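Here's the structure, in structure tokens; my notes come after.
Letters go in sequence order (proteins before strands), and every chain restarts at 1. Since the structure is predicted, the reported quantities are computational estimates derived from the model, not experimental observations.
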Amino acid sequence: MTDATHAPLDAGTLIGWFDANARDLPWRAPECDAWGVLVSEIMLQQTPVARVEPIWHDWLTRWPRPSALAAESQGEVVRAWGKLGYPRRALRLHAAAGVIAEEHGDVVPSDVDTLLALPGIGAYTARAVAAFAYGQRVPVVDTNVRRVIARAVHGAGDAGPPSNTRDMADVEALLPEQKAARYSAALMELGATVCTARAPECARCPVVSFCAWYQAGKPAYDGPARPVQRFAGTDRQVRGLLLDVLRGTSEPVPKTKLDTVWNVDGQRDRCLFSLLEDGLVEQTPDGRFALPGEHA
DNA sequence: GATACGTGGGG
DNA sequence: TCCCCAAGTAT
């Protein structure tokens with residue numbers, strides 16, 4: 001066993017660093033409740049902090065409780081989601097708010113399994129809410145945590161493909177008995193601001209002298225390459241263009257209007273159909289198109 | 001386990 | 001310009 005004070009990711013060291021260096025994010029404020037934490041976690045799925053912050057403020061002001069969001073139309077929620085990306089998250093958060101309002105007394109659940117049963121909440125988000133909103137000692141594994149552990153503990157340049165079971169066991173082994181949630185926040189913060197993917201600033205790292213990767217001379221990552229996420233020309237781009245039209249109008253639009261955003265007819269129609277299937281778009285009785293729930 | 005799913009900033 | 005990356009989830 002490694003001496004705790006010399007472990008690569010010592011809790012006292014990391015929490016001390018976090019106390020002094022944590023970013024002042026609104027969902028970390030003492031007055032932010034579990035609903036605010038949940039909204040932030042959903043918005044932060046694959047979307048950078050800088051783009052989330054202003055939208056998060058809008059949402060918490062407009063819908064300070066789950067029941068308030070649940071009472072809103074789906075379309076308005078998708079519109080307020082703006083350009084955060086992956087708008088199905090907005091629909092799922094709206095649905096989760098409905099369940100919380102109806103079945104949980106308008107209080108975000110604190111139990112991991114109950115959270116996991118809500119739409120849009122997976123292994124990461126369920127534990128993030130349990131830890132950051134309720135102070136529970138549960139492993140919180142995101143891409144930052146995986147990268148920090150890969151480097152500091154395993155001496156690899158980057159994390160390999162995710163494995164929920166193995167990744168959670170890795171974190172569980174590091175998690176201190178006390179202040180576990182704060183430790184997880186520190187781990188994530190280190191990965192987000194210092195031990196970054198592209199250009200880690202090892203000179204600023206509080207645990208550099210215990211880092212297996214640094215000690216080994218920062219060898220290049222030799223694992224399998226991540227699949228590249230192309231965007232230009234994909235259905236994702238076309239769906240985004242279609243939805244952007246509908247976000248910008250309160251009145252339903254005729255299909256001819258949507259036809260102007262992309263000139264490959266087959267792809268465009270397929271994307272419109274998939275948006276209808278996903279419930280992100282609805283067709284009005286007269287055949288026009290709109291965001292859902294506003295023009296039945 | 002692989003794939004689909006938005007959007008925009010930075011190197 | 002192109003490519004990588006960003007607090008993932010659902011299928």
Strand-adjacent residues in residues 170-184 of chain A, judged by heavy atoms under 4.0 Å from DNA chain B: none

Would you indicate what A:Pro161 reaches in the nucleic acid, counting non-hydrogen atoms under 4.0 angstrom: base, sugar-phosphate, or nothing? nothing

Could you check whether A:Gln237 gets within reach of a base, just the sugar-phosphate, or nothing at all, counting any heavy atom under 4.0 Å? nothing

Trace of the side chain to side chain donor-acceptor pair (under 3.5 Å) decision for A:Glu201 with A:Thr196: CA-CA 8 Å; A:Glu201 299 183 68; A:Thr196 59; over 6 Å; no

At 4.0 Å (heavy atoms only), tell me whether A:Arg23 reaches a base, stays on the sugar-phosphate, or touches nothing. base

At 4.0 Å (heavy atoms only), tell me whether A:Thr125 reaches a base, stays on the sugar-phosphate, or touches nothing. sugar-phosphate

What's A:Ala192 touching, base or sugar-phosphate or nothing? Going by heavy atoms closer than 4.0 Å. sugar-phosphate

Counting any heavy atom closer than 4.0 Å, what does A:Thr143 reach on the DNA or RNA strands: base, sugar-phosphate only, or nothing? sugar-phosphate

Look at all strands and tell whether A:Arg247 reaches a base, only sugar-phosphate, or nothing, counting heavy atoms closer than 4.0 Å. sugar-phosphate

Mind checking if A:Trp27 touches a base, just sugar-phosphate, or nothing, with heavy atoms under 4.0 Å? base

Report yes or no: is there a donor-acceptor pair, N or O only, under 3.5 Å between the side chain of A:Arg51 and the base of B:dT7? yes

NA contact type, A:Leu116, heavy-atom cut-off 4.0 Å: base, sugar-phosphate, or nothing? nothing

Pick base, sugar-phosphate or nothing for A:Ala123, based on heavy-atom distances below 4.0 Å to the nucleic acid. sugar-phosphate

Any base atoms under 4.0 Å from A:Pro227, or only sugar-phosphate, or nothing? Heavy atoms, all strands. nothing

Heavy atoms only, 4.0 Å cut-off, all strands: where does A:Ile42 land among base, sugar-phosphate and nothing? nothing

